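Everything below concerns the one structure shown next.
Throughout, protein chains are lettered first and strands after them, A, B, ... in sequence-line order, and every chain is numbered starting at 1. As the structure is a prediction and not an experimental result, all values here were calculated from the model.
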Amino acid sequence: MSSGPAYNDEKGSSLGEPEYGHDPASGGIFSSDYKRHDDLKEMLDSNKDSLKLEAMKRIVAMIARGKNASELFPAVVKNVACKNIEVKKLVYVYLVRYAEEQQDLALLSISTFQRGLKDPNQLIRASALRVLSSIRVTIIVPIMMLAIKEAASDMSPYVRKTAAHAIPKLYSLDQDQKDQLIEVIEKLLADKTTLVAGSVVMAFEEVCPERIDLIHKNYRKLCNLLIDVEEWGQVVIINMLTRYARTQFLNPNQNESLLEENPEKAFYGSDEEESKQGEMDAAVLPKRKPYVMDPDHRLLLRNTKPLLQSRNAAVVMAVAQLYFHLAPKAEVGVIAKALVRLLRSHSEVQFVVLQNVASMSIKRRGMFEPHLKSFYIRSTDPTQIKVLKLEVLTNLASETNISTILREFQTYIKSQDKDFVAATIQAIGRCATNIDEVRDTCLNGLVQLLSNRDELVVAESVVVIKKLLQMQPSQHSDIIRHMAKLIDNIMVPMARASILWLIGEYCEHVPTIAPDVLRKMAKSFTNEEDIVKLQITNLAAKLYLTNSKQTKLLTQYVLNLAKYDQNYDIRDRARFIRQLIVPTEKSGVLSKYAKKLFLAQKPAPVLESSFKDRDHFQLGSLSHLLNSKAGGYQELPDWPESAPDPSVRNVEVSEWTKPIGREKRKEKVEKPFYSDSEGESEPTESADSQSPTASESESMSEIESESGSENDEESDEETKSDKERKKKAGKEKSKKQDESEDSGQSEGEEKTVKKHKEEEESSSSSSSSSEESSSESSSSESESEGDSELDTGKKSRKTLSTAKPPPRPLETKQKEISLLDLDDCESFFYFSSSENS
Amino acid sequence: MISQLFIVSARGDHLIYKDLRGEESKDVVDIFYQKVRSLPRDQAPVVMHHQGLQFIHIRQDTLYLVATTRCNVSPFTVVQFLVRLVSLIKDHCGTLNEKTLQLNFALVYELLDEMLDYGYIQTTSSDILKNFIQTVPETSKQFNLFELSNIGLFGADTQQSKVAPSIAASRPVFAMRTEEGLKTEIFVDVIERLTVVIGANGSLMRADVQGEVRMKCFLPSSTEIRMGLNEEFSIGKADIRGYAAAVKVDECSFHQSVNLDEFESDRILRVVPPQGELTVMQYSLSDDLPVSLPFRLFPTVDKDTDSNRLMVYLKLRCDLSPKSQALNVTVHLPVPKGTTSLSQELSSPDQRAELDSVTRSVHWTIPRFHGGSQLSALFKLEVPGLSASSLLELGPVCMQFELPMSTCSGLQVRFLRVSSTHPPLPHRWVRYVTHSDSYVIRL
């Protein structure tokens, strides 16, 4: 390490001098000899901050340029305790870069950081932790562990966030700490500030993505916080929740096959109807379980939807993939517009968006059809984007729009960009195979292209025409004849091979031309490319079988030429063919079937998109883009057959009071929390909420709602015993539900207060059905009046409590903002506000 | 997550290199550079890989900003992060080019340090970051004329960045701490990009305008700015108000710092902009332009098979109002393969036309084109082996131009009021420009 860079230094100085001569920070001035470093050392040792700063700036410039500044390490490390924050930060930059190389000296700085961890200023605590955890020295692992643990329970959310970021660093330094780190992650996952949420999920994904059970208790909280988390955190959380939802909920599209069976029912769109329909189906087909969406599943979909408006393309894409993978078919459409909007941004973003759109458009064509025009190609697009847009257009082609698309394609063929033209011709071919109506039009258009002056265009057309003709050869003998004539002019090997194959395959349609072509080819055989040679031998064999009178000698000539070819594939082919078609006394049974072997009916090729199978990768991920697994890719699991117990997400709560100081923050969290499970799916509910039965429980519910999200923080014995009781209750309940064949779809609300528990237990078995179907639905199993009344009472309690907590002024402001768009500065608001409280 | 982040110049100089996770060796920079260089310009895919290491890059003028990773990170995140990085560096250092980077290594490192921790993105909000950043940016003082011509301009972030340069807008936003109150300025740019396809029969096949209102703000934070748009501005299918020519857009989105309370009634945007650059509003309209298209082309093609000569007579009319003009108009006319020479007759001496043998096209450049006027050019092309199919290779004509002081949607900023408590009223600049994104005329 020391000799190589030193050499670079000298080289840099001699080369760099004329270029950067004017630049004070450039290597030319001070790295020419080692005395200059002495100069820097002197500056660092001085007690003037300005000199130190100047020296540090130069050193950082050296690092940036890739020059070795490691020998300054002792002089720099001394300044780690410098009071000037500007100098200090540059020292940190240096330290993180070189600590690994100079472990012993780096240890000198540790005590400064340990002191920093106790500093009253949260920013200093955080930055000390950050640098400490960035020093990759194994000896300090215990110190780091301790520091992370302490920081995880720090008052300041900013420090807790930094602790979350430090977890993966420690994990990569020492894998043995995994168990302890998971504990910290578990603790931080329970954190309720938006600032921490994103960071801790990043840590979770890196350290223990398989521990999906850690998410259960925090699922609803994460969903509700999501909108306020800073944007980069949102991306990670959404991706993680996509995976989570795949393991915990049922496939919302499982009725798809049912729909196809009963097409008359296919018109219903909204999921509410769907669930109702599901029940009716259940009545008709008792074997089939009705699908009712888990309220938690709905919660996730609803809370992510507004993020489609995000300014950050990464967030938009994350939501889009979530909808694509999780939403019922009828709702996926909303993402199309957002994705199309992304097409307006930088070409790099466009590239990635189009990759994903291409995948989606195969599965859900209807989604992008209204936006067809957005995918038209502009003359200024780079080739890679043009080709991707072409892919999308091809996927979108249908009977109704094919004529517009083809007209568009026609103009693309004139483009200067040859790769693009070739791609366009292939696209036309694919349209033709997919849509029967236009096959003849496409074919005629392609045949016209055969007279194009550009050889590449002609060659590409020939290849595509060959594929098309294979589908219905009998009607197109004139095209085959035309192509046979072209063989004299086309030089592109692939095209020549295609023509020869066509002639051979359909030689009965061109009985007069075929032998003549073979004659010409035999003449030029030695000069052809390998693929052409192979096709010549094939053609010879086929003609020999059909028209041996005219071609016997030619075939033998060709086979003899092939026998001595340099390529052993061709030699093998020649030997094989000779044995098969030329009957000798030694030849076996096979030669009888030679005609069947060579002139068998071949299946027409299927022209399909290269994006066809890509969607088994999670969309929007690097693996999807590469179409191969990238490191650390977490497979998107298939939907479970039957839903796991939804009650694991219920957060156990004690009815004991909460610390008053936090109350305010709580409310903010709760407001969306309680509005979730009812609001959208049952809009008719509001009428019920006025019912007098609710008034009594109202006061109750307020306390309840406040303590609702309190969960794990209190760990006194009361809670624990409560928890155990809860668990038992949950088990009993789930058993009951299993019996009624209706598990998994119980209402997703907290069942908290002991008083209500009994009532709830009695009603829980029926509530799942009565909740989803509105009161007039008679198809569901008959229930007692008392039950349903109780049920509505409970619901109204919930809805009332939704309206109850008065929103803080700050919060309303933020809500407004987030309606328009999302931004990262919001998280800062939170950060400062929680600091005040 | 991101393993390394580096910035390389188009010549291969390493400008910034930061190893975030200590996993990879340093020579990836050179590997990346070789990969980029081996491909023709603009053809490098966004994601490239080398032995399992993925390079994700964006190109900014002459610089490549690259992130490497081995993980399954969302490529959007990385691309978007790099885009943000560009704008943050611009906010802090004024412009982003080799020179400013060299002057501000320390600042950029500090920025990266705050933005990325172990490859995880912490924050990219300039409001948060400015609290952490200590280093004062250094700007290069001397501007000579040569440099002026290639400054990355504020607001001109299009493929052809061609707005008149303004040094004022390219200084760092956060340098204000030292010279507080010296210059309080605000720049507003209304930029529209025009995509037009005109069919061979002269009919308009497609017209798209994508516009944005950008603001670069040197005012202290939390200053409220009231920006009035045309009163008859309407979005989507909403009814047209008043009798004046309506400005109608199909879709419109606003930055989250925009307060829309007065928008419905008075078309006033109340913005509390953070310091630095922001896109206040983005809008788009398609197919139904309120004004006539800026250019019409009337081509005549004569074929002389005997002398293998092709005569192309182009008549170009500029339909702008006589007061305004178009700048830097370029007309690209693809010509048949094998065209050997070109002789031209142009109507004025400042125009130029040349044959580019690589792209097989004629470039006709017109530096200045007044509204309402008409120019014509006659190109005689020598095409050996001229045939009927040669004509098919002519066209489509592609135009590039810039229309200063005009917008195709008709959007105008009526007023820009700053509710400033400080006595010196800030300078306010508003600028309009329309670029051709893709202006294609089929023959």
* **Part of B:His332 within contact of chain A (heavy atom distance under 4.5 Å)** => neither
* Would you mind telling me which of B:Gln122, B:Arg360, B:Gln282, B:Lys18 has the largest number of heavy-atom pairs within less than 4.5 Å of chain A? => B:Gln122
* List the steps, then state whether side chain to side chain contact (heavy atoms under 4.5 Å, CB included) holds for A:Val60 with B:Glu110. => CA-CA 10 Å; A:Val60 169; B:Glu110 206 182 342; over 6 Å; no
* Part of B:Ile56 within contact of chain A (heavy atom distance under 4.5 Å) -> side chain
* Asked: Quick one: what part of A:Lys161 sits under 4.5 Å from any heavy atom of chain B, side chain, backbone, both or neither?
  -> side chain
* **Region of A:Gln448 in contact with chain B, defined by heavy-atom distances below 4.5 Å** => neither
* Asked: Checking B:Thr77 against chain A: side chain, backbone, both or neither under 4.5 Å from a heavy atom?
  -> both
* Asked: Is chain A contacted by the side chain of B:Cys71, its backbone, both, or neither, given a heavy-atom distance below 4.5 Å?
  -> both
* Are any non-hydrogen side-chain atoms of A:Leu622 and B:Gln54 less than 4.5 angstrom apart? -> yes
* Asked: More than 12 heavy atoms of other residues, nucleotides or ligands under 6.0 Å from NE2 of B:His49: is that the case?
  -> no
* Structure fact -> If one checks every heavy atom of B:Glu251 against chain A at 4.5 Å, the contacting part turns out to be side chain
* Does a side-chain heavy-atom distance below 4.5 Å link B:Tyr118 with A:Glu206? -> yes
* Electrostatic pair A:Arg344:B:Glu212 at N-O distance under 4.0 angstrom -> no
* **Pick from A:Asn239, A:Val349, A:Val236 with the largest number of heavy-atom pairs that fall under 4.5 Å of chain B** => A:Val349
* **B:Phe76 side chain near A:Asn356 side chain, heavy-atom distance below 4.5 Å** => yes
* **Toward chain A, the part of B:Asp19 with a non-hydrogen atom under 4.5 Å** => neither
* Structure fact -> Minimal heavy-atom distance between B:Pro75 and A:Ser621, with the atoms involved, is CD-C, 3.5 Å
* Does any heavy atom of chain A fall under 4.5 Å from the side chain of B:Arg70, the backbone, both, or neither of them? -> backbone
* To do: Answer with side chain, backbone, both or neither: which region of A:Val235 has an atom nearer than 4.5 Å to a non-hydrogen atom of chain B?
  => side chain
* A:Ile63 versus chain B, heavy atoms under 4.5 Å apart: side chain, backbone, both or neither? -> both
* Asked: What residue in A:Ile385, A:Leu342, A:Ile85 has the most heavy-atom pairs under 4.5 Å with chain B?
  -> A:Ile85
* Validation row: A:Tyr376, B:Thr195 side chains within 4.5 angstrom (heavy atoms) -> no
* To do: Check whether A:Val96 gets within reach of chain B through its side chain, its backbone, both or neither, counting any heavy atom under 4.5 Å.
  => neither
* With a 4.5 angstrom heavy-atom cut-off, which part of A:Ser134 approaches chain B: side chain, backbone, both or neither? -> side chain
* Toward chain A, the part of B:Phe81 with a non-hydrogen atom under 4.5 Å -> both
* Asked: Is the closest side-chain donor-acceptor distance between B:Arg21 and A:Ser172 under 3.5 Å?
  -> no
* To do: To the nearest 0.5 Å, tell me how far B:Ser74 OG sits from A:Leu625 CG.
  => 9.5 Å
* To do: Give the intermediate values and the outcome of side chain to side chain contact (heavy atoms under 4.5 Å, CB included) for residues A:His346 and B:Val83.
  => CA-CA 9 Å; A:His346 297 252; B:Val83 171; 3.5 Å; yes
* **Close side-chain approach of A:Glu231 to B:Gln80, heavy-atom, < 4.5 Å** => no
* Asked: Any side-chain heavy-atom pair from A:Met202 and B:Ile121 closer than 4.5 angstrom?
  -> no
* To the nearest 0.5 Å, tell me how far B:Ser125 OG sits from A:Trp232 CH2. => 11.5 Å
* chain B contact via A:Lys88 - which portion, at a heavy-atom distance below 4.5 Å -> neither
* Asked: Quick one: are B:Tyr109 and A:Leu90 in side-chain contact, heavy atoms under 4.5 Å?
  -> no
* Heavy atoms only, distances under 4.5 angstrom: which of A:His624, A:Lys373, A:Glu100 has the most pairs with chain B? Name it, please. => A:Lys373
* Asked: So what's closer than 4.5 Å to chain A heavy atoms on B:Ser253: side chain, backbone, both or neither?
  -> neither
* To do: Please determine if B:Glu114 and A:Arg130 form a salt bridge, counting it only when a charged side-chain N lies under 4.0 Å from a carboxylate O.
  => yes
* Asked: Does a salt bridge link A:Arg378 with B:Asp437, judged by any charged N lying under 4.0 Å from a carboxylate O?
  -> yes
* Report yes if the side chains of A:Glu348 and B:Arg59 come closer than 4.5 Å at any heavy-atom pair, otherwise no. => yes
